[in-house]
Visitor: 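First, the structure itself, so that you have it in front of you.
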Amino acid sequence: TYSDQYWFGAVKAFSPAAAASGGGGGGARAGAVWISEQIPGLVARRDVSDVLAARGYWGSYNVPFDERIYNESGFAAAHRKHGGATYSYDECPRARILRRELPRVASLADAERLLRYNRYLSDPVCRGSGDPGWAVAGRGALDARRLPGGRGRRATAMGAIDGKVTSYSRVMRGSSSRAQAGPTHDDQPAFSWSEWGDRRAVHLGQPDLYAFGWVDVDFDDAPQVPVL
């Protein structure tokens with residue numbers, strides 16, 4: 001079982017002109033963004049356009065937003081037990097980084113860089129944690145145990161394995177998105193299977209080195225894909 005948060009966006013409920021002028025509720029009207037969060041036995045759905053309008057963005061951080069999902073999935077109990085910000089929707093590391101960095105995003109290239117951001121050794125939010133998974137693009141495969149004082153966690157095969165971004169203008173002209181395969185390598189070494197310590201991991205048919213750039217992924221490509 002895999003618990004998730006799904007987003008649904010209505011492009012026509014968003015006004016880029018209103019967003020650029022700072023008015024019109026950040027450019028988002030009711031129905032602009034819905035989310036659906038699920039855990040075994042419970043699905044919660046709601047319109048979060050008001051949050052988007054108030055903040056200027058919708059953030060998702062692997063921490064449930066809906067209060068029922070948050071409580072019943074154990075996040076509330078974990079927060080009470082362990083304290084800190086790791087189990088807090090608004091104060092977890094990614095939430096803090098995105099809140100700081102999103103106002104600086106002024107182009108699609110800026111958005112690409114932010115989605116692949118991982119400077120866990122120097123970022124003030126991550127520094128000292130020894131956890132490369134705290135960054136926007138988590139890199140669990142990095143062995144952080146080499147940090148001074150023995151801090152850091154053991155490398156694990158988890159984290160952000162790709163990046164996807166689009167914009168209002170691209171969607172409106174029928175162009176879908178931009179994508180990059182593999183863990184981020186903007187600020188960290190590219191992932192390599194030959195350098196990965198766990199030889200039990202099956203990766204048949206995959207390239208050894210994931211040092212790919214961003215590519216355009218268009219809806220128009222779909223009819224040209226052969227049926228296998």
Visitor: Can you name the nearest heavy-atom pair linking Ile97 to Cys126, along with the distance?
Guide: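 Taking every non-hydrogen atom into account, CD1-SG, 3.8 Å.
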Visitor: Please answer whether the main-chain N or O of Asp110 pairs with a side-chain N or O of Arg104 as donor and acceptor at a distance below 3.5 Å.
Guide: no
Visitor: Less than 4.5 Å apart, side chain to side chain, heavy atoms only: is that true for Val63 and Ser88?
Guide: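 A side-chain contact under 4.5 Å is absent here.
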Visitor: With side chains defined as the heavy atoms from C-beta onward, is the minimum distance between Thr86 and Trp134 less than 4.5 Å?
Guide: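 The answer is yes, as the side chains (C-beta and beyond) meet within the 4.5 Å cut-off.
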Visitor: Same cluster for Val165 and Val171 if Ile/Leu/Val/Met/Phe/Trp/Tyr side chains link at under 4.5 Å?
Guide: no
Visitor: Measure from the side-chain N and O atoms of Arg170 to the backbone N and O of Ser177, and report whether any donor-acceptor pair falls under 3.5 Å.
Guide: yes
Visitor: Treating Ile, Leu, Val, Met, Phe, Trp and Tyr as nodes and any side-chain heavy-atom pair under 4.5 angstrom as an edge, say whether Tyr70 and Tyr61 lie in one connected cluster.
Guide: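 Yes; Tyr61 is reachable from Tyr70 via cluster members.
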Visitor: Taking CG in Leu114 as the centre, count heavy atoms belonging to other residues, nucleotides or ligands within less than 6.0 Å. Is the count above 12?
Guide: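 Enclosed: over 12 neighbouring heavy atoms sit under 6.0 Å from CG of Leu114.
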Visitor: How long is the span from the CD atom in Glu67 to the CZ atom in Arg46, to the nearest 0.5 Å?
Guide: 10.5 Å
Visitor: Which is it for Ser169 and Leu108 under the side-chain contact (heavy atoms from CB on, under 4.5 Å) test, yes or no, and what are the steps along the way?
Guide: CA-CA 10 Å; Ser169 61; Leu108 196 67; over 6 Å; no
Visitor: Show, in sequence, the C-alpha distance, side-chain angles and deciding distance for Phe191 and Arg139, and conclude whether the side-chain contact (heavy atoms from CB on, under 4.5 Å) test is met.
Guide: CA-CA 9 Å; Phe191 176 80; Arg139 280 289 305 269; 4.2 Å; yes
Visitor: Answer whether the closest heavy-atom distance between the side chains of Arg100 and Asp123 falls below 4.5 Å.
Guide: yes
Visitor: Using the rule that two of Ile, Leu, Val, Met, Phe, Trp, Tyr join whenever any of their side-chain heavy atoms come within less than 4.5 Å, decide whether Tyr87 and Val125 are in one cluster.
Guide: yes
Visitor: Rounded to the nearest 0.5 Å, how far does CG of Leu121 lie from CD of Gln188?
Guide: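 It is 6.0 Å, given to the nearest 0.5 Å.
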Visitor: Provide the closest heavy-atom pair for Pro103 versus Leu98 in the form atom of the first, atom of the second, distance.
Guide: CD-O, 4.3 Å
Visitor: Measure across Gln5 and Trp58 and return the closest heavy-atom pair with its distance rounded to 0.1 Å.
Guide: OE1-NE1, 3.3 Å
Visitor: May I ask you to decide if Arg96's main-chain N or O and Glu91's side chain share a donor-acceptor pair within less than 3.5 Å?
Guide: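 It does not hold such a pair.
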Visitor: Just checking Arg45: does its CZ atom have more than 12 heavy atoms from other residues, nucleotides or ligands closer to it than 6.0 angstrom?
Guide: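 It does not: Arg45 CZ has 12 such atoms or fewer within range.
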Visitor: Check whether any side-chain heavy atom of Tyr117 lies under 4.5 Å from a side-chain heavy atom of Asp186, and answer yes or no.
Guide: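 No, side chains not in contact.
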Visitor: Using 0.5 Å steps for rounding, measure from the CZ atom of Arg178 to the CG atom of Asp218.
Guide: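 Output value for this atom pair is 10.0 Å.
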Visitor: Any ion pair linking Asp90 and Arg55 (charged N to carboxylate O, less than 4.0 Å)?
Guide: yes
Visitor: Contact between Tyr57 and Arg99 at the side-chain level, heavy atoms closer than 4.5 Å - yes or no?
Guide: yes
Visitor: How many angstroms lie between atom CZ of Arg116 and atom CG of Asp187, to the nearest 0.5 angstrom?
Guide: 11.0 Å
Visitor: Do Asp131 and Tyr120 come within less than 4.5 Å of each other through their side chains, counting heavy atoms only?
Guide: no
Visitor: Please check this pair: side chain of Gln38 against backbone of Asp4, looking for a donor-acceptor N/O pair closer than 3.5 Å.
Guide: yes
Visitor: With distance as the sole test, does Asn118 use its side chain to make a donor-acceptor pair with the main-chain N or O of Pro132 at under 3.5 Å?
Guide: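 Flag set: sc Asn118 to bb Pro132 pair under 3.5 Å.
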Visitor: What are the two closest non-hydrogen atoms of Leu209 and Ser192, and how far apart are they?
Guide: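 Reported closest heavy-atom pair: CD1-CB, 4.0 Å.
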Visitor: Looking at Ala32 and Ala13, what are the two nearest heavy atoms and their distance?
Guide: CA-CB, 3.6 Å
Visitor: Cluster question for you: counting only ILVMFWY and a side-chain heavy-atom cut-off of under 4.5 Å, with indirect links fine, are Val43 and Ile39 together?
Guide: no
Visitor: Say whether Val48 and Trp7 are linked into one hydrophobic cluster, either directly or through other cluster members, by side-chain heavy-atom distances under 4.5 angstrom.
Guide: yes
Visitor: Counting C-beta onward and ignoring hydrogens, is there a side-chain heavy-atom pair between Arg113 and Glu101 closer than 4.5 Å?
Guide: no
Visitor: Please identify each residue that fulfils ring pair (Phe, Tyr, Trp, His ring centres under 6.0 Å) with Phe8, with sequence neighbours left out.
Guide: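 Phe8: no ring pair (Phe, Tyr, Trp, His ring centres under 6.0 Å) contacts found.
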Visitor: Describe, in one word, how the ring planes of Tyr89 and Phe65 are oriented to each other, choosing from parallel (under 30°), tilted (30 to 60°) and perpendicular (over 60°).
Guide: perpendicular
Visitor: Relative to the ring of Trp193, is the ring of His203 parallel (under 30°), tilted (30 to 60°) or perpendicular (over 60°)?
Guide: parallel
Visitor: Looking only at non-hydrogen atoms, find the nearest pair between Ala160 and Ala137 and report the distance.
Guide: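 Minimum heavy-atom contact is CB-CA, 3.9 Å.
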Visitor: Distance from Ser49 atom OG to Arg29 atom CZ, nearest 0.5 Å?
Guide: 10.0 Å
Visitor: Would you give the length of the straight line joining atom CG of Leu42 to atom OG of Ser73, rounded to the nearest 0.5 angstrom?
Guide: 9.0 Å
Visitor: Report yes if the side chains of Cys92 and Asn62 come closer than 4.5 Å at any heavy-atom pair, otherwise no.
Guide: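 They are not in side-chain contact.
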Visitor: Could you tell me whether a side-chain N or O of Glu37 sits under 3.5 Å from a main-chain N or O of Asp66, the two making a donor and an acceptor?
Guide: yes
Visitor: Is a side-chain N or O of Arg94 found less than 3.5 angstrom from the main chain of Ser60, in a donor-acceptor match?
Guide: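 Pair absent, no side-chain N/O of Arg94 close to backbone of Ser60.
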Visitor: Can you check whether Asp162's main-chain N or O pairs, donor with acceptor, with Tyr210's side chain at less than 3.5 Å?
Guide: no
